[in-house]
Structure formats: structure tokens, C-alpha cells
Amino acid sequence: MKKILPLFIIAILFSCQNTAQVNSKQQAVINAEPIEVPLKEGKARAYFASGCFWCVEAIYESVKGVEESISGYSGGHTKNPTYAASNTGKTGHAEAVEIIYDPNVVSFETLVDVYFASQNVTQVNGQGNDRGSQYRSIIFYQNETQKQIILKKKEALAKKLGIKIAAEVYPFQKFWVAEDYHQNYERLHPNNSYIRNVSIPRLNRFKSKFPKELLKDTH
């Protein structure tokens with residue numbers, strides 16, 4: 001027993017050390033200075049994670065002023081994440097979307113409103129049956145103005161509903177575009193069972209409660 005105990009203690013120490021190393025890498029991402037993406041041809045970019053990116057991509061593309069929504073990965077500490085790697089939960093990345101929008105038509109504030117209106121704001125590490133850190137909710141900010149917009153809206157929503165809001169707030173660092181087959185998945189695969197049973201109902205729930213004047217006539 002005396003020989004087993006020291007080995008057990010050593011194993012615990014190594015386990016804690018490995019966990020600390022992983023946490024420190026992720027903490028460095030959270031504590032980093034945000035990177036601001038410049039306008040390109042008058043279009044701005046914003047980044048959100050809110051469960052399966054197939055769902056989120058379609059939701060944002062229903063909003064006036066959004067030119068395109070791209071599925072990908074962000075928020076983690078590894079480079080060149082893939083779908084398979086992010087699903088392990090070990091990369092720190094979440095499934096995310098890059099929103100390319102016209103700031104003269106739709107504001108960043110409205111995009112944040114879309115974010116909160118299109119999800120279960122209390123669910124930690126997932127949306128619906130999609131569970132795991134790769135499906136967690138994150139809003140990314142590129143500057144202090146965006147950060148304050150996010151924090152104020154999050155605080156106001158928590159106060160209004162009397163609940164804790166699960167969304168994390170991260171400084172934007174880099175967006176990694178997902179594999180080609182993930183792009184425009186809902187539009188290209190309307191008969192897929194996940195699309196019919198999860199993505200489309202989620203989109204319709206969002207559209208039913210968001211101001212009609214802010215949504216595209218056809219989507």
C-alpha cells in the first residue's frame with residue numbers, strides 16, 4: 001500500500017499538470033488582445049458560435065444586410081482545426097460562423113440581437129442535442145466598442161429573464177474556414193434529416209419572433 005500511494009500521488013500531479021497546460025493555452029486565447037478585421041469593399045465581418053454552424057449560417061443569411069455566412073472554427077488554441085479535431089473537444093475551438101455584412105444596412109448591435117434571439121441562451125456547451133465544448137456559445141469582439149455592446153446586451157438579457165446567460169465573450173483572433181462540404185449545407189441539403197428536424201425548425205422559431213422588417217423577404 002505504501003508503494004502504491006506515492007505512485008498514485010505522482011499520477012495525480014502529472015494529471016493536474018497536463019490539465020493546467022491545456023487550460024493555460026486556452027486562457028491565453030481568452031486574455032489576448034482582439035484583432036480587428038478591416039472593411040473590405042465596404043463590407044464588415046463579425047463572428048459568432050452558437051451550436052451547429054449549419055443552423056447558425058442559415059439564420060444569419062435570413063437577415064437583411066448580411067451578404068454571406070461562412071461556416072468554420074474559432075476560439076481555440078490550435079492551428080488549422082478540422083471538423084474531426086474540433087469534435088474531440090481538445091482544440092478549444094467551437095463551430096462558428098463568419099458574417100459578412102453591410103454596416104450601412106445592419107449594425108453589429110442587431111447581429112448580436114440575432115445571436116441571442118436564435119438560441120437557448122441558458123444551455124452550456126451546446127444547443128439542443130448537439131452537446132460538447134465544440135458547440136458552446138461564444139460572441140467574438142474585435143474592439144472595445146463591440147465588447148461593451150456585447151456585455152451590456154448580455155447583462156440586460158440576464159436581468160430581464162432572471163437567468164444566467166451561457167454565452168462566453170472572447171477577443172477575436174482568427175477564423176478558420178470549415179471544409180467545403182459544410183458550406184451552405186442547409187440550402188444544398190434540404191432533405192437531410194438533421195436539416196429538416198433541427199435546422200429548419202430552429203430557423204423558423206427565430207423568424208417567428210424577430211422583427212419582420214429586419215428579415216429578408218425570401219430565404
Side-chain angles (χ1 to χ4, degrees), residues 15-16 18-32 34 46-60 69 71-78 81-99 108 111-142 146-176 178 182 194 197-206 209-210:
S15 176
C16 292
N18 289 338
T19 301
Q21 288 174 350
V22 171
N23 287 341
S24 67
K25 291 178 182 178
Q26 192 61 30
Q27 195 61 49
V29 174
I30 297 170
N31 294 339
Y47 302 88
F48 304 93
S50 175
C52 174
F53 44 29
W54 296 348
C55 302
V56 186
E57 180 184 88
I59 287 167
Y60 273 101
S69 181
S71 291
Y73 314 98
S74 196
H77 56 269
T78 63
T82 63
Y83 184 66
S86 70
N87 276 343
T88 67
K90 296 179 180 179
T91 68
H93 288 289
E95 290 193 7
V97 291
E98 178 182 55
I99 308 303
F108 179 78
L111 296 179
V112 175
D113 289 337
V114 171
Y115 178 83
F116 285 125
S118 61
Q119 63 173 290
N120 176 355
V121 296
T122 67
Q123 187 171 346
V124 177
N125 283 341
Q127 284 294 305
N129 290 326
D130 294 321
R131 298 175 183 176
S133 62
Q134 71 270 28
Y135 295 117
R136 72 192 189 277
S137 294
I138 311 173
I139 312 180
F140 297 90
Y141 64 89
Q142 299 175 39
Q146 289 187 352
K147 182 179 181 180
Q148 291 308 313
I149 288 170
I150 295 165
L151 292 177
K152 288 177 181 177
K153 286 185 177 292
K154 182 179 177 181
E155 182 181 0
L157 185 61
K159 185 176 181 180
K160 177 183 177 181
L161 301 178
I163 56 177
K164 183 176 181 179
I165 306 301
E168 300 175 55
V169 181
Y170 273 32
F172 176 72
Q173 296 297 290
K174 185 174 177 62
F175 177 79
W176 306 88
H182 286 301
Y194 182 92
N197 297 316
V198 180
S199 293
I200 291 176
R202 183 176 171 184
L203 171 62
N204 288 337
R205 285 195 300 272
F206 160 70
K209 60 185 177 182
F210 208 70

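Remember, it's a predicted structure, so these values are computed and weren't measured experimentally.
Taking the side chain as every heavy atom from C-beta outward, Tyr194 and Asp130 approach each other to under 4.5 Å. In this structure the side chain of Ser137 reaches within 4.5 angstrom of the side chain of Gln119, judged on heavy atoms. Using a 4.5 Å heavy-atom cutoff, the side chains of Asp113 and Phe210 are in contact. The shortest side-chain heavy-atom distance between Pro171 and Tyr141 falls under the 4.5 Å cut-off. When side chains are defined from C-beta on, Val114 counts as touching Phe206, because their heavy atoms get closer than 4.5 Å.
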Query raised in the report: Going through the distances and angles, do Ile139 and Phe116 end up as a side chain to side chain contact (heavy atoms under 4.5 Å, CB included)?
Result: CA-CA 10 Å; Ile139 312 180; Phe116 285 125; 3.6 Å; yes
Report task. Apply side chain to side chain contact (heavy atoms under 4.5 Å, CB included) to the pair Phe108 and Ile150, showing each step before the final yes or no. Result -> CA-CA 9 Å; Phe108 179 78; Ile150 295 165; 4.0 Å; yes
Requested in this report: Could you check Tyr83 against Phe53 for side chain to side chain contact (heavy atoms under 4.5 Å, CB included), going step by step and ending with a plain yes or no?
Outcome: CA-CA 11 Å; Tyr83 184 66; Phe53 44 29; 4.2 Å; yes
Requested in this report: Please step through side chain to side chain contact (heavy atoms under 4.5 Å, CB included) for the pair Gln127 and Tyr135, ending with a clear verdict.
Outcome: CA-CA 7 Å; Gln127 284 294 305; Tyr135 295 117; 5.9 Å; no
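Taking Leu161 as the reference, Val121, Leu157, Ile163 meet the side-chain contact (heavy atoms from CB on, under 4.5 Å) condition, with sequence neighbours excluded. Looking at residues two or more places apart in sequence or on another chain, you find a side-chain contact (heavy atoms from CB on, under 4.5 Å) between Ser86 and Tyr73, Thr91. With sequence neighbours excluded, the residues satisfying side-chain contact (heavy atoms from CB on, under 4.5 Å) with Pro201 are Arg205. Remark: Phe175 pairs with Tyr47 by the ring-ring contact (aromatic ring centres under 6.0 Å, His included) rule, at least two apart or across chains. Every residue two or more places apart in sequence or in another chain that forms a side-chain contact (heavy atoms from CB on, under 4.5 Å) with Ala94 is listed here: Ala49, Arg136, Ile138.
Nearest heavy-atom pair, Gln123 versus Ala166, reported as atom, atom and distance to 0.1 Å: O-CB, 3.3 Å. Between Thr88 and Ala84, the closest heavy-atom pair is CG2-O, 3.5 Å. Heavy-atom minimum distance, Ser133 versus Asn125: CA-OD1, 3.7 Å.
Atom-to-atom distance recorded for Lys153:NZ and Gln148:CD is 13.0 Å, nearest 0.5 angstrom. Rounded to the nearest 0.5 angstrom, Gln26 CD and Asn31 CG are separated by 10.5 Å.
Listed by first and then second residue, the side chain to side chain donor-acceptor pair (under 3.5 Å) pairs that reach into residues 154-164 come to none, sequence neighbours excluded.
Side-chain N or O atoms of His77 include none that pairs as donor or acceptor with a backbone N or O of Val29 at under 3.5 Å. Although no hydrogens or angles enter the test, the distance criterion places a donor-acceptor pair under 3.5 Å between the side chain of Thr82 and the main chain of Ala85. In this structure, the side chain of Gln134 does not engage the main chain of Cys52 through any donor-acceptor pair within 3.5 Å.
No more than 12 heavy-atom neighbours from other residues, nucleotides or ligands sit within 6.0 angstrom of CG on Asn129.
Checked options Ser71, Ser199, Ser69; the residue passing with Glu57 is Ser71 (criterion: side-chain hydrogen bond (donor to acceptor under 3.5 Å, both in side chains)). Exactly one residue among His182, Arg202, Glu95 makes a side-chain contact (heavy atoms from CB on, under 4.5 Å) with Trp54. That residue is His182.
Classification of the Phe48-Tyr60 ring pair by plane angle, with boundaries at 30° and 60°, yields parallel.
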